[in-house]
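A short write-up of the structure that comes next.
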There are 2 protein chains.
Amino acid sequence: MAQTDTINDTDIDFGMLEESVGYRLRRAQMNFFAKFSELCSDLGISPGLFSVLVIVEKNPGLTQTAVAQALGNDRSAMVAAVDKLENMKLIERRPAKNDRRSYALFMTKYGQEFFEMSSRKVRDYENTMMARLHSDHEKDQLVDMLKRLS
Amino acid sequence: MAQTDTINDTDIDFGMLEESVGYRLRRAQMNFFAKFSELCSDLGISPGLFSVLVIVEKNPGLTQTAVAQALGNDRSAMVAAVDKLENMKLIERRPAKNDRRSYALFMTKYGQEFFEMSSRKVRDYENTMMARLHSDHEKDQLVDMLKRLS
DNA sequence: AATAACTGTTGTGGTGTACAACAATGGAAT
DNA sequence: ATTCCATTGTTGTACACCACAACAGTTATT
């Protein structure tokens, strides 16, 4: 420690940030997301790819752009995502019945197994994080509030 | 609408994402952050730069790395940030008293005015977002839970 | 005096993301 | 049928963000 007149890391005044929902949201999300990324990395995918898997699994036959819209990102981002998931033999593009422009996305059998295994791990991770809350009721409250803020 | 067998955007099943705190956290944060970015953009800064301003204003004389640690990002990212804020005449680097390696960061007079004006707008924005919650008590609860998740 | 630790800085790479453009195709209007 | 516009997947580009490694200058430790 060189400077006698510099402030220690622990007693920094965060000012309005301390009670700012925006800042708190960002910090919580980054913390949550960092560990979730590690978990996904172990699975060989990314958080974004996992969310694509969830949508495709629950809604077989969806178009790439439909998935993109559901997840709130550009359809151009979907190309690389679907490419990767298809290379991993998790999902597949089938030509759409009535539209030769688009593909319908489906889960492969292996993709289904992979997804079920992954979801278990993701659910477990969520549960360990939720241990920081006091009750299931609190979690429901949190989710409800977050929905209203979206 | 071409495909009769493709699902409409509105009735997509989000599966486990619907009640996933991680996903809800991400969506809420992205929504919150997008509008906050616009607000900051009007002010001529970025959300990250604003957070630097808050820390420097409340803790005059801090080192660049101290600010970086407080905000949870790498100190290398602080260089461009401080450069920009210094170019905008908002803060200034002064040589640290007892350490010729580091700078001590201080607010300029203009920076102080700018900060107070900005904080008001940020606070107003937060308040409009908080209108989506039912009560101040709920907001406190939310902040409290988010802290526990960080 | 020597070695390690720390500071600001630069460069680099990876990631995510938004936007514009394009050819192919579909739908609607006339 | 033909024309015009919208949409799909795709590519390219650009930008922001962030982590990590390396470096010279400086400080702390031994």
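Within every chain, numbering begins at 1; the chains are lettered A, B, ... in the order of the sequence lines, protein sequences first and strands thereafter.
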Among [options], which nucleotide sits nearest the side chain of [X]?
X	options	result
Val79(B)	dT10(C), dT25(C), dT10(D)	dT10(C)
Arg101(B)	dT10(D), dT27(D), dT8(D)	dT27(D)
Asp74(B)	dA19(D), dT27(D), dC17(D)	dA19(D)

query: Is there a donor in the side chain of Ser102(B) and an acceptor in the side chain of Gln64(B), or the other way round, less than 3.5 Å apart?
result: no
message: Under 3.5 Å, is there a donor on one side chain and an acceptor on the other for Arg75(A) and Gln69(A)?
response: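 Checked: Arg75(A)/Gln69(A) side chains show no N/O donor-acceptor pair below 3.5 Å.
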Between the side-chain atoms of [X] and the base atoms of [N], is any donor-acceptor pair under 3.5 Å?
X	N	answer
Arg75(A)	dG9(D)	yes
Ser76(A)	dC19(C)	yes
Arg100(A)	dT25(C)	no

query: What integer distance in Å separates Met30(B):CE from dA16(D):P?
result: 16 Å
- request: Measure from the ring center of Phe50(A) to the ring center of Phe114(A) and say whether it is less than 6.0 Å.
  value: no
message: Using OP1 and OP2 only, check whether a side-chain N or O of Thr65(B) sits under 4.0 Å from dC6(C).
response: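 Negative; the distance criterion is not met.
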- request: Inspect the contact between Arg120(B) and Asp124(B) and indicate whether a charged nitrogen and a carboxylate oxygen are less than 4.0 angstrom apart.
  value: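 Arg120(B) and Asp124(B): not salt-bridged.
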